[in-house]
Visitor: 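Input: one structure, supplied below.
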Amino acid sequence: MKTTKIWNLGIGDIKILSMSRHRPPMKKPIWIIVLVLFVCVFLIFAYIYPPKSSSPCYVFSSRGCDVISQWLPPVPAREYTDKEIASQVVIRDILSPPYALPKNPKVAFMFLTPGSLPFEKLWDKFFQGHEGKFSVYVHASKTRPVHVSRYFVNRDIRSEQVVWGKISMIDAERRLLANALQDSDNQQFVLLSDSCVPLYSFDYIYDYLMYTNISFVDCFRDPGPHGNGRYSEHMLPEVEVKNFRKGAQWFSMKRQHAIIVMADNLYYSKFRDYCKPGLEGKNCIADEHYMPTFFTIVDPGGIANWSVTHVDWSERKWHPKSYRAHDVTYELLKNITSIDVSVHVTSDAKKEVQSWPCLWNGIQKPCYLFARKFKPETLDNLLLLFSNYSTP
């Protein structure tokens, strides 16, 4: 009996199992519908109530900004070193307003040259009648210059040898700044080479530089081999690759910026030690990277991101185009002074063209006040043209 009973139960189990194979039609996956509805509500909410911190940056923005990051916890900031903290305190105090101009503000014209200046006669004509509004400083790295203009006599500073591409170029720039800063009336500091010439009258250049609150330091991000490809991780933690920048060395900067350049040793030492030709198989040029990177870190909104000195790189060589006597015409100079957009090209395979308008106090104006490189043979042509091309 017991055996039969157990057998019957087994048969019943088999019947149940066989019946379970004939399942009724499946119900709709409700959880998927709920999820889709939730996502739709979220997107509508994001569209109607974008993040307040950046109203044009949300899900439906043409810029493709990531709205989710607005609600995520902020990424912890990197802990600054003691040297960084000390540097930031000094820089912040120097840049803090208010800052009042002296009664007689001057522009310091700082010439970085290997020897004599071939365009002293042109600069003499440029300076005439504006005594008391400028000062001149000459750093001659190879031979003692012979001066033909009274404005340059006794204006040589103690100089040392300068090697292209090495930190000695930055040292020479800082030496010029240190000497010019001794005169408290100097408020704008312009770095010029022996091949530079003015493109406008003194009054126009003086007003252009003096009546704005920014410094004209060339600066752009180049992801290519001649930009970020020169970066060394030895510069960490103070100099991160995201802040590494490139630009021409020819600057014009306000007094406060000149002071913080002189006060800096933290960032300068990084470039002195880890930005030099041949280091780690790279060709890092200190004068092309130090100033742009330094200001990107300490005061990115205080620079114009372009230089007021024009250079023609159209030949795509290691050095810019040099103008000879037959090149110097009224049309050439007018073409240079008509440029009102700053253009940079990256060194990677994309050759990306980066451009932005040259804005002076919010107004688009010509970018360049000076130009280089002019051969000494162009002097006579420039003297003949000066009165015509220097009028805005």
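The model shown is predicted, which means the values in this text are computed figures rather than measured ones.
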Visitor: Could you list the residues that satisfy side chain to side chain contact (heavy atoms under 4.5 Å, CB included) with Pro225, not counting sequence neighbours?
Guide: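 Here the qualifying residues are Ser347.
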
Visitor: Has Trp306 got a side-chain atom pairing as donor or acceptor with Cys367's backbone, closer than 3.5 angstrom?
Guide: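 Side chain of Trp306 to backbone of Cys367, a donor-acceptor pair under 3.5 Å: yes, one is there.
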
Visitor: Can you measure from CG (Leu369) to OG (Ser252) and round to the nearest 0.5 angstrom?
Guide: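 Between atom CG of Leu369 and atom OG of Ser252 there are 7.5 Å.
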
Visitor: Can Ile285 be reached from Val345 by stepping across I, L, V, M, F, W or Y side chains whose heavy atoms are under 4.5 Å apart?
Guide: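 As far as the 4.5 Å side-chain criterion goes, Ile285 and Val345 are not connected within one cluster.
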
Visitor: Between Arg155 and Tyr137, what is the shortest heavy-atom contact and its length?
Guide: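 Answer, listing the atom of Arg155 first, then Tyr137: NH2-CE2, 3.3 Å.
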
Visitor: Determine, step by step, whether Met169 and Gln249 satisfy the side chain to side chain contact (heavy atoms under 4.5 Å, CB included) criterion, reporting the C-alpha distance in whole Å, the side-chain angles of both residues, the deciding distance to 0.1 Å, and the verdict.
Guide: CA-CA 9 Å; Met169 187 73 77; Gln249 72 180 106; 3.5 Å; yes

Visitor: First locate atom CG of Asp273, then atom NE2 of His234, and finally report the distance between them rounded to the nearest 0.5 Å.
Guide: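 Between Asp273 CG and His234 NE2, I get 10.5 Å after rounding to 0.5 Å.
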
Visitor: With sequence neighbours excluded, tell me which residues meet side chain to side chain contact (heavy atoms under 4.5 Å, CB included) with Val298.
Guide: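 Partners of Val298 under the side chain to side chain contact (heavy atoms under 4.5 Å, CB included) test: Ile91, Ile260, Tyr267, Phe294, Phe295.
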
Visitor: Nearest 0.5 Å please: distance from the OG1 atom of Thr309 over to the CG atom of Leu191.
Guide: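 So the gap between those two atoms works out to 8.0 Å.
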
Visitor: Checking Asp327 against Thr378 for the side chain to side chain contact (heavy atoms under 4.5 Å, CB included) test, could you report, in this order, the C-alpha distance in whole Å, the side-chain angles of both residues, the deciding distance, and whether it holds?
Guide: CA-CA 8 Å; Asp327 296 317; Thr378 62; over 6 Å; no

Visitor: Just by distance, do the side chain of Asn335 and the backbone of Glu331 share a donor-acceptor pair under 3.5 Å?
Guide: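 Side chain of Asn335 to backbone of Glu331, a donor-acceptor pair under 3.5 Å: yes, one is there.
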
Visitor: Identify which one of Phe134, Phe126, Phe109 satisfies the side-chain contact (heavy atoms from CB on, under 4.5 Å) criterion when paired with Tyr151.
Guide: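 For Tyr151, the side-chain contact (heavy atoms from CB on, under 4.5 Å) test succeeds with only one of Phe134, Phe126, Phe109, which is Phe134.
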
Visitor: Donor-acceptor pair, distance only, cut-off 3.5 Å: does the side chain of Asn186 make one with the backbone of Ala180?
Guide: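 Yes.
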
Visitor: Looking at side-chain heavy atoms only, is the closest gap between Arg158 and Glu160 below 4.5 Å?
Guide: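 Contact flag for Arg158/Glu160 side chains = yes.
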
Visitor: List the steps and the verdict of ring-ring contact (aromatic ring centres under 6.0 Å, His included) for His344 and Trp356.
Guide: CA-CA 9 Å; His344 297 89; Trp356 45 83; 5.3 Å; yes

Visitor: Could you measure the distance from the CG atom of Leu101 to the CD atom of Gln187? Nearest 0.5 Å is fine.
Guide: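 Separation between the atoms: 5.5 Å.
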
Visitor: Please report the closest heavy-atom contact between Ala325 and Asn381, naming both atoms and the distance.
Guide: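 Reported closest heavy-atom pair: O-ND2, 2.9 Å.
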
Visitor: Within the side chain of Gln364, is there an N or O that forms a donor-acceptor pair under 3.5 Å with the backbone of Pro357?
Guide: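 No, Gln364 side chain to Pro357 backbone: no donor-acceptor pair under 3.5 Å.
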
Visitor: Keeping the roles fixed (side chain from Thr293, backbone from Tyr290), state whether a donor-acceptor pair exists under 3.5 Å.
Guide: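 Such a contact is absent between Thr293 side chain and Tyr290 backbone.
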
Visitor: Can you tell me if Lys246 uses its side chain to pair, donor with acceptor, with the backbone of His226 under 3.5 Å?
Guide: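 Yes.
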
Visitor: Applying the 4.5 Å side-chain criterion to the ILVMFWY set and letting contacts propagate, would Leu359 and Ile205 be lumped into a single cluster?
Guide: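 No, it is not one cluster - the side chains of Leu359 and Ile205 are not joined through contacts under 4.5 Å.
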
Visitor: With under 30° as parallel and over 60° as perpendicular, where do the rings of Phe216 and Tyr208 fit, or are they tilted in between?
Guide: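 The rings of Phe216 and Tyr208 sit tilted, inter-plane angle from 30° to 60°.
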
Visitor: Has the side chain of Asp287 got a donor or acceptor atom that lies under 3.5 Å from a matching backbone atom of Ser168?
Guide: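 Such a contact is absent between Asp287 side chain and Ser168 backbone.
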
Visitor: Should Ile303 and Cys219 count as side-chain neighbours, where that means a heavy-atom distance under 4.5 Å?
Guide: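 In short, these two side chains touch, coming nearer than 4.5 Å.
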
Visitor: Would the number of heavy atoms belonging to other residues, nucleotides or ligands and lying under 6.0 Å from NZ of Lys282 be above 12?
Guide: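 Yes - once you tally the heavy atoms of other residues, nucleotides and ligands closer than 6.0 Å, there are more than 12.
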
Visitor: Are any of the side-chain heavy atoms of Val190 and Trp250 separated by less than 4.5 Å?
Guide: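 Side-chain contact under 4.5 Å: no.
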
Visitor: Are Asp218 and Pro292 packed together at the side-chain level, in the sense that at least one heavy-atom pair is separated by less than 4.5 angstrom?
Guide: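 In short, these two side chains do not touch, never coming nearer than 4.5 Å.
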
Visitor: So do the side chains of Lys254 and Ile214 get within less than 4.5 Å of each other, counting heavy atoms only?
Guide: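 No. Closest side-chain heavy atoms not under 4.5 Å.
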
Visitor: Please verify the inter-ring angle class for Phe202 with His130; under 30° counts as parallel, over 60° as perpendicular, anything in between as tilted.
Guide: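 Ring orientation of Phe202 relative to His130: parallel.
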
Visitor: Quick check against the 3.5 Å criterion: does Ser116 have a side-chain atom that pairs as donor or acceptor with the backbone of Val146?
Guide: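 Answer holds: yes.
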
Visitor: If we check side-chain contact (heavy atoms from CB on, under 4.5 Å) with Thr296, which of these qualifies: Arg245, Lys242, Arg221?
Guide: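 The side-chain contact (heavy atoms from CB on, under 4.5 Å) with Thr296 is passed solely by Arg245 among Arg245, Lys242, Arg221.
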
Visitor: Can you tell me how far apart CD (Glu120) and CZ (Phe127) are? Round to the nearest 0.5 Å.
Guide: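 Result: 10.0 Å between the selected atoms.
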
Visitor: Any idea how Tyr368 and His310 line up, ring-wise: parallel (<30°), tilted (30 to 60°), or perpendicular (>60°)?
Guide: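 The arrangement is perpendicular - the two ring planes meet at more than 60°.
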
Visitor: Is it possible for you to check whether Lys133 lies under 6.0 Å from the centre of the six-membered ring of Tyr206, through NZ or CZ, and within 45° of that ring's axis?
Guide: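 Yes, a cation-pi geometry.
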
Visitor: Starting at NE2 of His257, measure out to CZ of Phe251 and round the result to the nearest 0.5 Å.
Guide: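 It comes to 12.0 Å.
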
Visitor: Taking atom NZ as the centre, does Lys166 end up with more than 12 heavy-atom neighbours from other residues, nucleotides or ligands that are less than 6.0 angstrom away?
Guide: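 No, not enclosed.
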
Visitor: Compute both the distance and the angle, then confirm whether Arg174 meets the cation-pi test with Tyr268: under 6.0 Å from the six-membered ring centre, within 45 degrees of the axis.
Guide: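 Yes, Arg174 sits over the ring of Tyr268.
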
Visitor: Indicate yes or no: does Arg150 engage Glu131 in a salt bridge with an N to O separation below 4.0 Å.
Guide: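 So Arg150 pairs with Glu131 through a salt bridge.
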
Visitor: Is it true that a side-chain atom of Arg175 and a backbone atom of His139 form a donor plus acceptor pair closer than 3.5 Å?
Guide: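 Here the side-chain-to-backbone pair does not exist.
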
Visitor: Decide whether Leu279 and Val163 are clustered together by the hydrophobic rule: side chain heavy atoms of Ile, Leu, Val, Met, Phe, Trp, Tyr closer than 4.5 Å, transitively.
Guide: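 No.
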
Visitor: Please check if the number of heavy atoms outside Lys321 that lie under 6.0 Å from its NZ is greater than 12.
Guide: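 Yes, NZ of Lys321 has more than 12 neighbouring heavy atoms, counting only those of other groups under 6.0 Å.
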
Visitor: Taking NZ, NE, NH1 and NH2 as the nitrogens, is one of them in Asp183 or Lys106 under 4.0 Å from a carboxylate oxygen of the other?
Guide: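 Looking at Lys106 together with Asp183, the answer is yes, because their closest N to O distance falls below 4.0 Å.
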
Visitor: Got more than 12 heavy atoms from elsewhere within 6.0 Å of CG, Asn154?
Guide: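 No, the 6.0 Å shell around CG holds no more than 12 heavy atoms from other groups.
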
Visitor: Can you tell me if Lys276 uses its side chain to pair, donor with acceptor, with the backbone of Ala286 under 3.5 Å?
Guide: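 The answer is no, because no donor-acceptor pair under 3.5 Å joins these two groups.
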
Visitor: Considering only heavy atoms from C-beta outward, does the side chain of Arg255 approach that of Leu181 to under 4.5 Å?
Guide: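 Sidechains of Leu181 and Arg255: in contact.
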
Visitor: Locate the shortest heavy-atom distance separating Phe244 from Asn228; write the atom from each residue and the value.
Guide: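 Distance-wise, the nearest heavy atoms are O-OD1, 3.5 Å.
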
Visitor: Run the side chain to side chain contact (heavy atoms under 4.5 Å, CB included) test against Thr346 and tell me which residues pass, sequence neighbours left out.
Guide: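 Scan of Thr346 (side chain to side chain contact (heavy atoms under 4.5 Å, CB included), adjacent residues dropped) gives Asp222, Pro223, Asp348, Glu352, Gln354.
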
Visitor: Could you check whether the rings of His147 and Phe152 sit parallel, tilted or perpendicular, using 30° and 60° as the cut-offs?
Guide: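 His147 vs Phe152 ring planes: parallel.
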
